[in-house]
Amino acid sequence: MRMSAVQARLERYLELMKKMKSYEEALGVLYWDMRTGAPRKGLETRAEVVGVLSTELFKLGTSSEMGELLAALSEREAFESLSRVHQRSVTENKKEYDRSKKIPPELYQKYVVLASQAETAWEECKPKSDFETFRPYLEQVVSYQKQFIELWGYEDNKYDTLLDSYEPGMTVKKLDAVFGALREKLVPLVAAIAEKPPLDTSFMRRKVPTERQRAFSEYILKEIGYDFAAGRLDPTTHPFATGLNPGDVRVTTRYIEDDFKNALFSTIHEGGHALYEQNISPELIGTNLCTGTSMGIHESQSRLWENMIGRSRPFWERYYGELQRMTPELGDVALDDFYRAVNEVKASLIRTEADELTYNLHIMVRYELEKLLMNDELQVADLPEAWNAKYKEYLGIEPPNHELGVLQDVHWSGGGFGYFPSYSLGNMYAAQMMAAMREALPSFDADVAAGRFEPIKAWLTDKIYKHGRLLTPSEVIRNVAGAELDPTFLTDYLEKKYKEIYKL
Ligand code: ZN
């Protein structure tokens, strides 16, 4: 292909991509609006609007023109003449294009309808703890997932292709190894803590008016370096962060009067996601690389800020006085008691309410079950029994009903198989990143204790944030730590922290 022809194709490709990004940003604003107080009576029409725009976006991404452009730009000579950003953009887009093209549109349409019905069924069945009514929906969702796996293809394990869609390059082989190492250390640690007398955390249930919680949430976001000129904070029921572009990254949190720690840590968690998106390099704006590189790396940033900084002793040495000033309800609670309370470990049944330590065990239960389901080694009908057995084995407790057990998460009804491991991968990445950051910044603890987050944010930006999706997840971790993912950083961090808190 002549160079002028390559140039013309590149320009057309960039134009199409910009159009897709515009649809994405518009959809992002609509979703944000729906989850932060859009009028209830308009929601039905809004859902149709979202459907129309999503279909347009899907058509643009899978059009024959896009296919031809990607094929032409991927040819060796043309590809080698592209800049690094454009090369990576084409590679990523081609991967997604090929994946979408392998599913016949009629099959996909049927699946979308089923998934939405299954989610509705789940919503109705969960509070009734009724697995039997939900079962046929889940059976169909699983059967579609298996069909997709065959169409997408796989090398080693059927579950690999699902993992790859959330965490590029991740496989069952790698996950079995890291989760195995994690479980070996965590199960006995959780058991040892369970032997200790429980902490008194009753003051964490004191009523704190929403207005006070909101004021502290805003204050702490500013402190950690969240830019309010490039974002905003709003209340919602299920907190999330949404990056429309680096100049508009919105966070949400949830205020519960008799559980103020909910907003406190949700805010820092979403703030961590937002710091990532606010600091992506401007040169990636308008491309498919202007986003986090994977679910796991994204989650590493929320958890690094929420748990490893936001639940650390130096952090509260700096901010507890301020929290007490803004929250007089805590006036008589000592720093030590507060620090221990926000790090309380207790085996519980609900993943979303789990502490930093046991959280990983909740994820491993789901990972093991998903793997069995996708490899035909477990039938949906036997899922509740298998769920309860795994909880007994990993956490030492058993759900009294399905609402608190197998029906608790929305993910499976919507076909989100392969997503759960991202949460634990995030914890593992975060611990490894923290170790590297401590080495690079010897004054790390003193900086946190003084509320000096600028050097920390600058280091994270340089190593992770600015690259967006220009680097793959394994390139990010190698860029940060000079090594592949290694679970011992997380187990070392957790053992050190919790042995001290629980005096083991
Ligand atoms: Zn998150």
Side-chain angles (χ1 to χ4, degrees), residues 28 31-32 35-36 163 165-168 170 217 220-221 224-226 231-244 246 249-256 259 261-280 291-312 315 342 350-364 366-367 408-412 414 416-434 457 460 464-465 468-469 473 476-477 485 490 493-494:
Y31 278 120
W32 171 83
R35 295 165 74 182
T36 54
L163 286 173
S165 62
Y166 299 104
E167 198 64 18
M170 192 46 64
S217 282
I220 207 69
L221 276 177
I224 64 172
Y226 175 81
R232 50 183 289 157
L233 171 69
D234 294 271
T236 188
T237 37
H238 298 287
F240 65 97
T242 187
L244 302 168
V249 183
R250 306 175 185 200
V251 288
T252 60
T253 196
R254 169 176 47 188
Y255 304 112
I256 304 173
D259 184 15
K261 94 171 176 324
N262 210 296
L264 183 54
F265 290 105
S266 294
T267 301
I268 303 176
H269 180 99
E270 302 308 334
H273 282 303
L275 284 175
Y276 190 177
E277 299 264 345
Q278 281 187 336
N279 292 289
I280 294 175
T291 180
T293 190
S294 70
M295 298 315 302
I297 297 289
H298 229 306
E299 204 59 20
S300 76
Q301 292 317 297
S302 53
R303 280 151 196 271
L304 187 147
W305 284 98
E306 178 197 347
N307 292 330
M308 294 174 189
I309 295 177
R311 282 187 163 89
S312 74
F315 185 83
V342 299
I350 303 292
R351 173 185 62 85
T352 54
E353 291 164 14
D355 55 79
E356 183 182 17
L357 186 56
T358 57
Y359 193 94
N360 299 294
L361 299 173
H362 290 262
I363 296 306
M364 283 179 219
R366 289 152 178 80
Y367 167 66
Q408 68 181 265
D409 301 303
V410 64
H411 302 53
W412 288 346
F417 291 89
Y419 186 101
F420 281 119
S422 311
Y423 297 112
S424 272
L425 284 168
N427 288 332
M428 288 187 266
Y429 286 134
Q432 199 166 353
M433 289 165 176
M434 274 293 282
K457 200 175 97 180
L460 290 167
I464 305 161
Y465 299 167
R469 207 150 64 135
V476 167
I477 195 69
L485 176 66
L490 181 62
Y493 155 79
L494 291 171

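One-based numbering, in listed order, for ligands and for the atoms of each.
The minimum distance between the Zn ion (ligand 1) and any N, O or S atom of E299 involves atom OE1.
Pairs passing the salt bridge (charged side-chain N to carboxylate O under 4.0 Å, His left out) check and including a residue from residues 354-364, sequence neighbours excluded, read E356-K497. Identified under the salt bridge (charged side-chain N to carboxylate O under 4.0 Å, His left out) test for residues 291-304, with sequence neighbours left out: E299-R303.
Contact annotation: E270 places no N, O or S atom under 2.8 Å from the Zn ion (ligand 1). Inclusion of H298 in the first shell of the Zn ion (ligand 1) is not supported: no N, O or S atom falls under 2.8 Å.
D234 pairs with exactly one of T253, V251, T36 by the side chain to side chain contact (heavy atoms under 4.5 Å, CB included) rule, that one being T36.
For the 3.5 Å distance criterion, the side chains of T267 and S217 qualify, holding a donor opposite an acceptor.
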